[in-house]
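Since the structure comes first, as structure tokens, the remarks are kept for the end.
Order of the sequence lines fixes the chain letters, A, B, ..., with proteins taken first and strands second; residue numbering starts at 1 for each chain.
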Amino acid sequence: MLEKRYDPKKVESGKYQTWKDKGYFTAGDTSKQPFSLVIPPPNVTGKLHLGHVMDTIPDDIIVRYKKMMGYDVLWVPGMDHAGIATQAKVEEKLRKQGISRYDLGRERFLKVAWDWKREYGDTIHEQWAKIGLSVDYTRERFTLDEGLSEAVRKVFVTLYEEGLIYQGEKIINWDPELRTALSNVEVIHTDDEGEFFYFLYDVVDSDETLVVATTRPETMFGDTAVFVHPEDPRYKHLIGKYVINPANGEKLPLMGDAYVDPSFGTGAMKCTPAHDPNDFALAKKYGFPFIKVLDETAKMNELAGEFCGMDRYECRDALVEKIKAEGHLQKIERFTHSVGHSERSGAVVEPMLSKQWFVRMRPLADRVLAQQNSEDKVEFLPARFEKVLIRWMNEVDDWCISRQLWWGHRIPAYYNDKGEVYVGMEAPKGEGWRQDEDVLDTWFSSALWPFATLGWPHKTPDFDRYFPTSVLNTGYDIIFFWVARMVFQSEHFTDKRPFKTVVIHGLIRDEQGRKMSKSLGNGIDPIDVIEKYGVDALRYFITTNSAPGLDMRYSDEKLNAASNYLNKIWNATRYVLQTLGEGYVPEEVDEKALDPLDRYILSRLEGTIQAVSERMDEYNFLGASGVLYDFVYDDFCSFYLEMSKVSLSDPGKEKATKATLYKVIREIILMIYPYCPFIGEELYLSLPGHKESVMLETYPKYVASLHSPKDEKNGQLLKEIITAIRGYKSSKGLAPNASIRMAFEGAFPFEGIQTYLSRFLFASEVKENAKLHGEAFVFDGANLTIEQDVDKATIVEGLLAEKERLLSEIARGEKMLSNPGFLAKAPADKVALEQEKLAGNKAKLETVLKNLEELA
RNA sequence: GGAUGCUUAGCUCAGCGGGAGAGCAUCGCCCUUACAAGGCGGGGGUCGUAGGUUCGAAACCUACAGCAUCCACCA
């Protein structure tokens, strides 16, 4: 027998291991239709956070649901080596021991990194188990494993041979702390407060001075020119002259180019080709040299003269002081501008000229754009997120893929002393070749995840059967990083989209709506939440508290509500089990033997199954859960469970009602199970006639013959009567169990109404087809009076209020039905519905008027 | 500068073309043998503003305002 209160800890214990041991997570039943997905691989940087829970729980619900729907579901698990992120963590750990990666050297550093991976990989496995992910461990992968590495090399080599990967010198984003190049998407722009320095440049052979403003004075050592707009009347006459760079006294040509915006700053702009992408483009146009003044740690080089060796900011301050002392500083303004920071280290990114490997994106992006115009496009849910992909593909720059890191896939390019480059799957034969020191951007391998995890580039049975995958679930924040790249790599290398559907979810924020971040210290550990409310409540909360694609706030209140809901289902099950009794043998519902209330609840159940399944098929977990919730609370627990106590005490009806109770509670459990598998399993196993596990069950099937609006109307009427009388008692200050006498006129749709009224409304006497002195209630086809010590005036008052209400209802209906436009254009069933309502209200009004008359 | 989303009950949010909903909070009554971390009942909203489309708008369109996010630019 179940305990009185649902205890998540007891319920969760041991189940996952059993499922895993029994092999329920393993795919491969080829008699069924395949359905597949890959896990968004968590980084092996640390523990799971709530973001991972949001990434994986919807998947788990899909997997469990689709299994019940009869599919052979494969969910591929795995983890991401997360190059730069993990390396930063490992380096941080070493730094605390006073060691740098350079002290260790590459080999030993990698050993430490692999130890780190194993440690955190174990933690992640424990957490997957804790949150109940039904992933197929026999197919688990890691982005640095041999298979993925081979796929990475294959892709690199092929793209190189196709001319889609090239090595080039360009301005890239340099992280001076981690000492590596970054791609554009790894740079976070924030509006930072800075200073705008106005310097005086003497014009050679002239008395004039030119004012040039800059935010980065330290780069002035790398300047090669000053630009103004060619038509700028302030400066037009000076074009062609030279000005003196106040940083180092060198002569710089003053040039005119329409790129310059005369309204910005002073309209004169210094050009630093090696440290700014726009200046780089100008320099290329005019053939200027590219002069680097910063080293890989953002310290000044020898070109900075006396400032050589200084950090860039140190140099900035010192240089400004020097220029000021020499009288060439006009002013300093406060200035807010967008500054790029490294996503991982937070360091201010330095644009720098550097030789790196790039992916030529245009042809790959065009292919995706074409694909998204075809039948085989990747479908986004919600649809608007497709625009994010399209926009990125339209505007994409070449992708810088080389990283000056050690943790990752080493670039399969080899060099020799003759300056030759060899790119291939294996190292070239012969002496004197050395491999490129750099590794690839971690997203390079993530981009291959959906097909490489299934065996590509080899033609494996899994790849044939499960690719393309069915669905991918991920946050909108990594559409660029991951989704976009999976799409173009997949289409280029497999000629297929990687997944048919992408379900995009929002981000989880803290209770005040702020992003969870380390610096704010407002992150919430899922393990703490589980400790407090249980996994099932967490799973339910995370999938049912925001509309698709919108952000969600963490809320203890909502977790508690979820937990209470589960307790409700728990206790409803407990009650049904008590009612069925020991040794109950489940029976099919005998449709002919059903009581009207049984028919009511069964019809509501079928409507619920239909609506829930529809929403589950659309991956609309909020919608599906809402429908189920209303059914569980309002129809089943609050109403039917109570009312059925009447028929249970009737030997003639007991059997059918028991069968109904069993069917309804069982199907509720099966529907809540994908969301909350632990309590789902526990409750399922408590039912008579259960299989070995709920994981072997099929989803409730909609039975049309039980779905009847007419039956629902009957139950609805009883519900309304009971609610109205309870409200009446409450408003009169009567205790809920105060005894009353009542009478009704008219035909009630089912027998035994008296029993219900006396049992649930404490009617001491119920007269049929009679009338009492008292307050009257008018229902569809039934007129009910309660005898109480209520004075006539109060009764009249009540009836007058009801009359007013009905009159306004009737006015509304008549207005609608007398509108020719409505009659002509509204759907027929809507018109019929309104007519029916109007007729009903008119009948009610008649009764009210009659009652009033009798009282007059 | 471009794009997207949000604005609904005190709070947090659903609903997105046919009579305003949930959770929490609030008020009242109940320890009724499934559940007191509960049950039952009640109060509370001119659905951001202004136009428009429609027989009918919280929902669709346009403009505006506020908030948030993304992209681009920023000498």
In whole Å, what separates the [atom1] atom of [N] from that of [M]?
N: rG21(B); M: rG42(B); atom1: P; value: 13 Å
N: rC64(B); M: rC73(B); atom1: P; value: 26 Å
N: rG17(B); M: rU12(B); atom1: C1'; value: 27 Å
N: rA9(B); M: rA58(B); atom1: P; value: 15 Å
N: rC47(B); M: rA14(B); atom1: C1'; value: 13 Å
N: rU53(B); M: rA59(B); atom1: C1'; value: 13 Å
N: rC11(B); M: rG44(B); atom1: C1'; value: 13 Å
N: rU46(B); M: rA34(B); atom1: C1'; value: 43 Å

Do [Y] and [X] meet the salt-bridge criterion of a basic N to acidic O distance under 4.0 Å?
X: K719(A); Y: D635(A); result: yes
X: E218(A); Y: R316(A); result: yes
X: E814(A); Y: K842(A); result: yes
X: D510(A); Y: K515(A); result: no
X: R216(A); Y: E350(A); result: yes
X: K285(A); Y: D257(A); result: yes
X: E618(A); Y: R615(A); result: no
X: D232(A); Y: R234(A); result: yes
X: E809(A); Y: R805(A); result: no

Within 45 degrees of the ring normal and closer than 6.0 Å to the centroid, is that where the cationic atom of [X] sits relative to [Y]?
X: K645(A); Y: Y575(A); answer: yes
X: R485(A); Y: W399(A); answer: yes
X: K331(A); Y: Y198(A); answer: yes

Discussion item. Taking the nucleotide of RNA chain B with the nearest heavy atom to each, does Q578(A) or P548(A) sit closer to the 5' end?
Written reply: P548(A)
Worksheet item: Closer to the 5' end of RNA chain B via nearest nucleotide, is it F822(A) or F639(A)?
Response: F639(A)
Item to complete: Report yes if a donor N or O on one partner sits less than 3.5 Å from an acceptor N or O on the other, where the partners are the side chain of K4(A) and the base of rC35(B); otherwise report no.
Response: no
Practice prompt. Please state whether the base of rU12(B) and the side chain of K558(A) form at least one donor-acceptor pair under 3.5 Å?
Written response: yes
What nucleotide among [options] has an atom nearest to a side-chain atom of [X]?
X: Y476(A); options: rU69(B), rA37(B), rA34(B); value: rU69(B)
X: R553(A); options: rA14(B), rU12(B), rG18(B); value: rU12(B)
X: Y259(A); options: rG41(B), rC73(B), rG18(B); value: rC73(B)
X: Y629(A); options: rA14(B), rA22(B), rA34(B); value: rA22(B)
X: S638(A); options: rC40(B), rA34(B), rC70(B); value: rC40(B)
X: L550(A); options: rA37(B), rG18(B), rG5(B); value: rG5(B)
X: S730(A); options: rG28(B), rG39(B), rC70(B); value: rG28(B)
X: Y633(A); options: rG39(B), rU4(B), rG15(B); value: rG39(B)
X: K568(A); options: rA3(B), rA72(B), rG38(B); value: rG38(B)
X: R509(A); options: rG18(B), rA68(B), rU12(B); value: rA68(B)

Classify [X] by what it touches in the nucleic acid, base, sugar-phosphate, or nothing, heavy-atom distance under 4.0 Å.
X: V260(A); answer: base
X: E809(A); answer: base
X: G265(A); answer: nothing
X: T215(A); answer: sugar-phosphate
X: A572(A); answer: base
X: F196(A); answer: sugar-phosphate
X: Y6(A); answer: nothing
X: P820(A); answer: nothing
X: L622(A); answer: sugar-phosphate
X: C271(A); answer: nothing
X: R5(A); answer: base
X: A561(A); answer: sugar-phosphate
X: D279(A); answer: nothing
X: E642(A); answer: base

Pick out the pairs of N or O atoms, protein on one side and nucleotides 60-63 of chain B on the other, that lie under 3.5 Å.
none

When the distance from [atom1] of [X] to [atom2] of [N] is rounded to whole Å, what number comes out?
X: I188(A); N: rU69(B); atom1: CD1; atom2: P; result: 13 Å
X: Q512(A); N: rA68(B); atom1: CD; atom2: C1'; result: 16 Å
X: D191(A); N: rC71(B); atom1: CG; atom2: P; result: 12 Å
X: M393(A); N: rA72(B); atom1: CE; atom2: C1'; result: 18 Å
X: N819(A); N: rA57(B); atom1: CG; atom2: C1'; result: 15 Å
X: N394(A); N: rA72(B); atom1: CG; atom2: P; result: 14 Å

Worksheet item: So does E193(A) have more than 12 non-hydrogen atoms from other groups sitting under 6.0 Å from CD?
Response: yes
Worksheet item: Does CD belonging to E3(A) count more than 12 external heavy atoms closer than 6.0 Å?
Response: no
Short side-chain N/O contact from [X] to OP1 or OP2 of [N], under 4.0 Å:
X: N564(A); N: rG38(B); answer: yes
X: K645(A); N: rU32(B); answer: no
X: K515(A); N: rC70(B); answer: yes
X: S546(A); N: rA14(B); answer: no

Worksheet item: Quick one: stems for RNA chain B, with Watson-Crick or G-U pairs under 3.5 Å, at least three in a row?
Response: B:1-7 with B:65-71, B:10-13 with B:21-24, B:26-30 with B:38-42, B:48-52 with B:60-64
